[in-house]
Amino acid sequence: MSTFSSPEEIAASKGSPTVPGTPGPYRDTPPAENLALLERMKNGEFPDGHCVLRAKIDLASPNMHLRDPYLYRIKRAHHHRTGDIWCIYPMYDWAHGQCDSIEQITHSICTLEFIPHRPLYEWFIEQLNIFPSRQYEFARLNLNYTVMSKRKLLQLVNEGYVRGWDDPRMPTISALRRRGYTPESLREFARRVGVAKRENIIDVGLLEFCIREDLNKQALRRFAVLKPIKVVLTNYPEGQVEWLETENNPEDTDAGKRPLAFSQELYIEQDDFMENPPPKYFRLYPGGMVRLKSAYIIQCTEAVKDARGNLLELRCIYVPESRSGADTSGLKVKGVIHWLSVAHAHPAEVRLYDRLFQVEDPAAEDDFKKSIHPDSLEVIEQAWIEPALLRPATGARFQFTRLGYFAVDPDSTADKPVFNRTVTLKDTWAKETQKQS
RNA sequence: UGGCCCGUGGUGUAACGGUAGCACAGCAGAUUUUGGUUCUGUUUGUCAGGGUUCAAAUCCUUGCGGGCCAACCA
């Protein structure tokens, strides 16, 4: 068995972009002899990598892809149709144009890095005299704070940085769906982004805008408290339960209303109370008043703490004549917060996602994995939800009032639903506090 | 220092050679029982020089900047 040129020898004989290549010892092997060799390659008479078939084009071309490119190498890869009978495997450039041509593709669209491949794509089609498919190149859609390369995403999956291809932090379609993105929002996003030949990095803010725009119109509002503080209404009758009403979606009156249980003990969000509030904070603080949405106005009378100073619960009084829809109190409060009756709240798991990378363009880093965001996932094992959120359909999407949009994860069980946060609501207060600090 | 592709506000994308527009973001205000939504106003741009033309983001040219190309990868 003769020994052919090694990969290193072939690479060296191709020259460099500024230096023309030089012919190797087998360049002028007669076609009949090559055909016979190819047949033996195909039949498995040689070990993998023993030799290759190359096209004889132009070793001096300024386009490296035209310097006698490989057509077939020996590679015993299993094929889903033909199984193991062919021991050769075509190169992308050789197969690409023929696949397109067989399918009568007129416009074969790909990304910018294939521009220098186009002359080769066309050369093969001309030589073969087959249906003239044409290749057109456009810039890929890059998003900031993530990577789009399939090879890099594969590493994230294989090396366990994410749970899988549909981990809601991934920029894949399956992940975006699991996260709660609607098909319509993705199409709208693509429409707004447009297509051009210019390298780009699109702000994820645009993607988030598109899903908020869509879900704002559709998603039913529900109350959920992610990180609770207990509120005790000292002047509310112990054991009493009142059924109040709240709208399912203020953007859609057809969505109707639902009942909400109100009682002496409530949960509110930790973020909605501050002992020493900054200027312009209009949620709850000692002595301060807020409206419990669709319920009563309350005033904080005491923050109860343990011996070490940890906040245990809040004592508040409610204003009986301030009930929503029947408010005769004359009070004007700026803050409106969501709440849940402790006795009527159910537990749920909530998964909060942040960007997967800490830099805008991780692919530009020496090692993109070094810029992975360590806290891109926060799991709240016990959040509280209202009864209307029990046993939701997988994939169902809701707005948790004042918190954001959430989608039901397939990990949900009958006992405990699991929600993925798709995106937060726009939060101008968070922006304000950032500016203040 | 060979060849190819691309340069329009912060981002993305428009403009037969004829008023540089749209969206997101930002900023300011109004409304609001979600600091959401909605509404109003507003800041910011043709990479630079030369040429052609009555007229250049657009055509030519030089420079500058960015990207791609030398895998038995796709």
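Reminder, nothing fancy here: chain letters follow the sequence lines and each chain counts from 1.
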Here the pair of heavy atoms bringing A:R76 nearest to A:I74 is NH1-CG2, 3.5 Å

Can you figure out which of B:rG2, B:rC72, B:rA23 approaches the side chain of A:R73 most closely? B:rC72

B:rU44 versus B:rC4 - spacing of their C1' atoms, nearest Å: 34 Å

In whole angstrom, what separates A:I202's CD1 from B:rG12's P? 7 Å

Distance check, P atoms only: B:rU19 and B:rU52, in whole angstrom units. 22 Å

Using the P atom as the reference point in each nucleotide, state the distance between B:rA56 and B:rA20 in Å, no decimals. 11 Å

Side chains of A:L226 and A:L352 in contact at under 4.5 Å (non-hydrogen atoms): yes

What is the pairing partner of B:rC24, taking Watson-Crick or G-U wobble pairs with both distances under 3.5 Å in any strand? B:rG10

When the C1' atoms of B:rC47 and B:rC39 are considered, how many whole Å apart are they? 38 Å

Without decimals, in angstroms, what is the distance between A:Q135 CD and B:rC4 P? 17 Å

Please report the C-alpha distance between A:Y92 and A:H96 in whole Å, then the side-chain angles of each, then the deciding distance to 0.1 Å, and finally whether the ring-ring contact (aromatic ring centres under 6.0 Å, His included) criterion is met. CA-CA 6 Å; A:Y92 167 85; A:H96 185 204; 4.8 Å; yes

For B:rC72 versus B:rC64, give the span between their C1' atoms, rounded off to a whole number of Å. 40 Å

Rounded to whole angstrom units, what separation is found between the CD1 atom of A:I201 and the C1' atom of B:rC6? 15 Å

Quick check: are there more than 12 heavy atoms from other residues, nucleotides or ligands sitting under 6.0 Å from CZ of A:R177? no

Counting any heavy atom closer than 4.0 Å, what does A:V193 reach on the DNA or RNA strands: base, sugar-phosphate only, or nothing? sugar-phosphate

What integer distance in Å separates A:L66:CG from B:rC4:P? 13 Å

B:rA14 C1' sits how many Å from A:K197 NZ, rounded? 18 Å

A:R421 to A:Y353 six-membered ring, cation-pi geometry met (6.0 Å, 45°): no

Strictly by modelled atom types, are A:W339 and A:Y267 linked by a side-chain donor-acceptor pair under 3.5 Å? no

Distance check, C1' atoms only: B:rG45 and B:rG21, in whole angstrom units. 12 Å

Taking the side chain as everything from C-beta on, heavy atoms only, tell me whether A:I268 gets closer than 4.5 Å to A:V290. no

Start at the 5' end of RNA chain B and walk down; is the nucleotide closest to A:R118 or to A:R198 reached first? A:R118

In whole angstrom, give the distance that lies between atom CG of A:L120 and atom C1' of B:rC4. 15 Å

Identify each atom pair where a protein N or O and an N or O of nucleotides 62-71 of chain B are less than 3.5 Å apart, giving names and distance.
{"residue": "B:rG67", "atom": "O2'", "partner": "A:E199", "partner atom": "OE2", "Å": "3.1"}

Side-chain ion pair, A:D327 and A:K332, N-O less than 4.0 Å: no

Specify the closest pair of heavy atoms between A:S329 and A:V319, including all atoms of both residues, with the distance to one decimal. CB-CG1, 4.0 Å

Show your working on ring-ring contact (aromatic ring centres under 6.0 Å, His included) between A:F400 and A:F406 and close with a plain yes or no. CA-CA 7 Å; A:F400 289 180; A:F406 292 78; 4.1 Å; yes

May I ask you to establish whether A:K152 and A:F368 are in a cation-pi arrangement, using a distance under 6.0 Å from NZ or CZ to the six-membered ring centre and at most 45° from the ring axis? yes

Whole-Å distance separating the CG atom of A:N200 from the C1' atom of B:rA23: 15 Å

Could you tell me how far B:rC59 sits from B:rA55 if I compare only their C1' atoms? Round to whole Å. 13 Å

Taking a pair as Watson-Crick or G-U wobble with both distances under 3.5 Å, which nucleotide is matched to B:rG2? B:rC69

For a quick check of understanding: with a heavy-atom distance under 4.0 Å over all strands, which category does A:F209 fall into, base, sugar-phosphate or nothing? sugar-phosphate

Residue whose closest nucleotide on RNA chain B lies nearer the 5' end, A:T18 versus A:R192: A:T18

Separation between the P atoms of B:rU43 and B:rG10, rounded to whole Å: 15 Å

When every nucleotide of nucleotides 29-42 of chain B is labelled 5' to 3' by its protein contacts under 4.0 Å (heavy atoms), B for base, S for sugar-phosphate only, - for none, what sequence of letters results? ----BBBBS-----

At 4.0 Å (heavy atoms only), tell me whether A:V195 reaches a base, stays on the sugar-phosphate, or touches nothing. sugar-phosphate

A:F138 CZ to B:rC6 P, in whole Å, measures 11 Å

